[in-house]
Every structure is written in structure tokens, then in C-alpha cells.
There are 2 protein chains.
Amino acid sequence: MNTRDKILKAAKTLLYEEGFEAMSPSKVLKLSGAGQGSLYHHFSGKKELARTVLDDVAEELNEVAESIFDNENYLPTEKIELFLKRKRNGLLGCKLGRLANEKAFRSEDLRAPLEKYFSLVLTKIKRTLIEGVAQNLFKPEMPVDSIAHLIVASVQGGYVVSKSLNDDNAINQATQGALELLRAYKTEKQT
Amino acid sequence: MNTRDKILKAAKTLLYEEGFEAMSPSKVLKLSGAGQGSLYHHFSGKKELARTVLDDVAEELNEVAESIFDNENYLPTEKIELFLKRKRNGLLGCKLGRLANEKAFRSEDLRAPLEKYFSLVLTKIKRTLIEGVAQNLFKPEMPVDSIAHLIVASVQGGYVVSKSLNDDNAINQATQGALELLRAYKTEKQT
DNA sequence: GTCTATAGCTCGATAGAC
DNA sequence: GTCTATCGAGCTATAGAC
């Protein structure tokens, strides 16, 4: 692995585990094994390094979402279920959502990967719900927009509650709750 | 207002607006107008200052929750509705939940106020749901534990999504979604 | 109890040899 | 392209006058 990639890998780990503010260039360089100047040879600074990492992370998470929601092997109802039933460790957190509260993410350049990912996921879920209604799997009165938001929020909020309670399972209870509630919007066509 | 209170007030503002890491003692002192030594006369350091502020914030938020869930004037269904319909500005964030992802909050001493508040709220919501079932307002098959988690997560996750999208209303869509889904668990006794 | 001065450290970033 | 050395600024905390 070349120096640039080693730096990116170290930055990715630190962004996930400690966040942006705590990811100091010196920590990145120490973890990557690279020398001091290398970071500023490959990147204009800490911000650009983080942005490069986060564009990559957003792409990864988007591929996970695609593997569920753009997969023709599943029914709309199954897609929603698969997304909500993913096993998540609440004490780790979402690689993007965990950063949303940091001061630096009020600026467009750092927030952009978060906006891109959440927009995409919300769109995919909304479309899936609409398809479910069209296929008579969900009841027609389903408010797709607000329910798409709720589904995403149940994951992100689950992480927050898990971390606050130091309970890795709180997030799974939240997504389980969303799943239970959604059942009521299924038609009799369902098992 | 005495110096200690001025310092607490400034720290409270900065914790809410910028978080713990970004709340430097120098900023606190500048905002409060107090001199350098005062902070360390009244508090052992930055951590104890934050803990004092957060115990206070947890108490405030708990009083809000009590005003809804421990109020005999409302039906259980109305209590849940009031909680979910509170107008929230998604770009501000929860004074406690916004801190959950910071590194310093992995230690017990800083996390304690967050755990206390979320435990209390979850307990109150769960109890309210159980009362609702007992009064035949909610259907008996309602899974109260996971739904209580979902309700809290819809708020906390709503803030995360709002900040990520820079959309102050995303949180209201998420809580609205929770409300819509809950409707299906209401009995015919409801209007 | 409040102030000014300053310690020791780490931050993000730069200079310049090789 | 990678390294070592170092900058100025801001960090958390302490010393000591009043």
C-alpha cells in the first residue's frame, strides 16, 4: 500500500472511532506510519483528507443500500424488513451520522457526503414504499414521506440512545419497533 | 449573577451550540466575562464543569417529560401525541443527545446525565403505553418496549438527519411518521 | 473569591533536505 | 514522494498577587 492509501486508511479508522475533531494529523500520521510532511503533500489539509475519506464511506454505504433496495429478488416489504433487521452494534455508530453534530460539519464541504448518502437512502426507501403500495402489499393510505424519514431516524436515533445508555442493543429495539409498527400497514396479502 | 453562575451559563450555551470538545475553558471564560483562575476555583476542571451543566440540563429535560407524561389531564394516547408533536428545530439538536458521539462521553462520569435522562424518558413512555393498553386505547398486542425505543429514536435520529441534510424539518417528518404508524395500534375507542 | 500571567502541551500547517 | 525539524496558535491547567 502506498503512503497516500495508508494515510487514507488511518484517517478512516480515526474518523469512525473518534470523530473529526479528535482526528488530529499527528494521530493519523502515527497510525499510518507516514512522516509529517506526507499528509500535506497529498492533501491540502485535514479537511480535504476527511472529505476524501467521507466521499469513499458514503459510496460504501450507498452500495449497501443498493444491494437491498435495488435488488429485484426482494419484494418491497422484504427490502424494508432487510434494512431494519440488519444487525447493528449500537456502541459503534454510523460512520456518517456520528459526525452530524460536529461543528465542522455545518460547512457545506464536509457535510456534502452526509447529505448525499441520506438523500439517496431516503429516496430509495420512499420509492420502495410507493412500489409496495402499487403492488398492494402496503395499504394505500401509507404516508410514504414521513415513514421513510422515520425508518432512517430509527437507525440514527437508535445509535444515539445506544451510546447514551451504553447498551449495544437499544438500536435493535428501535428498529424492531419500526418493524412492528409497519406491520399494521401491510395488507392481507402478507403472511 | 455571581461568577460561578456566569461560568455555568456560558458553558451551557457552548456545550449546546458547539459540543464538549469545542467548549474550551478560554471560550467559556471569554463568554462569561470571568477571569482565568475563576473556573478552576469553582470546578476541578473542564470535565467537572460540563458534568455540573449536564446534570442541570438533564433535570430540565426531565421536567419537560414529567409535564407531559406525569400529567393526569391527558389520556395515554394524548401524552404520546404531545411528545411526538412538540415543535423541534432540527438544526439545533438535543442538548444531551448531540453529545453522545463524542469521545469524552464514553467515560461514565460524563455519560451519566445522558443515561439518566434517556432511562427516565424510556420508562415514562413505556409506562404510558402500558396504561394505554390497560385503558383499551391501544391494542393489547402492542410491543411496548420496542415502541418506546422507537419513539425516542425518532426524535434523536430526526435531529441527526436534519443536520445531515441541513433541513430543519426532517425531524418533524420523522416524528410525524412515528405518529402515523402508531395510529394503527389504536383501538376503535379512538376518534 | 477574583484577577493577571504563564506554564507545558498538542493542534494544524509549513520549510526544506534528500 | 517522503522524510525531519519546526512554526505560531490555542489548548487545559496552575501560580500567585490582591
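The chains referred to below are lettered A, B, ... by the order of the sequence lines, with proteins before strands, and numbering in each begins at 1.
- The hydrophobic clustering, which links ILVMFWY residues whose side-chain heavy atoms are closer than 4.5 Å, places B/F20 and A/V160 apart.
- The only member of A/V121, A/L122, A/T128 that meets side-chain contact (heavy atoms from CB on, under 4.5 Å) when paired with A/I125 is A/V121.
- Shortest non-hydrogen contact noted between B/K163 and A/A100 is CD-O, 3.7 Å.
- Going from atom CG of A/L49 over to atom P of C/dA13 covers 10 Å, rounded to whole Å.
- For the pair A/I7 CD1 and C/dG12 C1', the interatomic distance rounds to 14 Å; values are reported in whole Å.
- Residues from residues 38-46 of chain A lying near DNA chain C, meaning a heavy-atom separation below 4.0 Å, are A/Y40, A/G45, A/K46 in numerical order.
- OP1 or OP2 of C/dC11 sits under 4.0 Å from a side-chain N or O of A/S24.
- Looking at A/K79 and A/N71, their side chains never bring a donor and an acceptor atom within 3.5 Å of each other.
- The pair B/D56-B/K95 does not count as a salt bridge, with every side-chain nitrogen at least 4.0 angstrom from each carboxylate oxygen.
- Map A/E21 and B/N2 each onto its nearest nucleotide of DNA chain C; the residue landing nearer the 5' end is B/N2.
- Residues passing the salt bridge (Lys or Arg N to Asp or Glu O under 4.0 Å) test with A/K103, sequence neighbours excluded: B/E18.
- Regarding A/L29, its CG atom lies at a distance of 12 Å from the P atom of C/dA13, rounded to whole Å.
- The two residues A/K46 and A/E21 have their closest heavy-atom pair at NZ-O, 3.4 Å.
- Side chain of A/S67 to main chain of A/V64: a donor-acceptor pair is present (N/O by atom type, distance under 3.5 Å, no hydrogens or angles).
- Taking 4.0 Å as the cutoff to heavy atoms of chain A, we find the contact window on DNA chain D bounded by D/dG1 to D/dT6.
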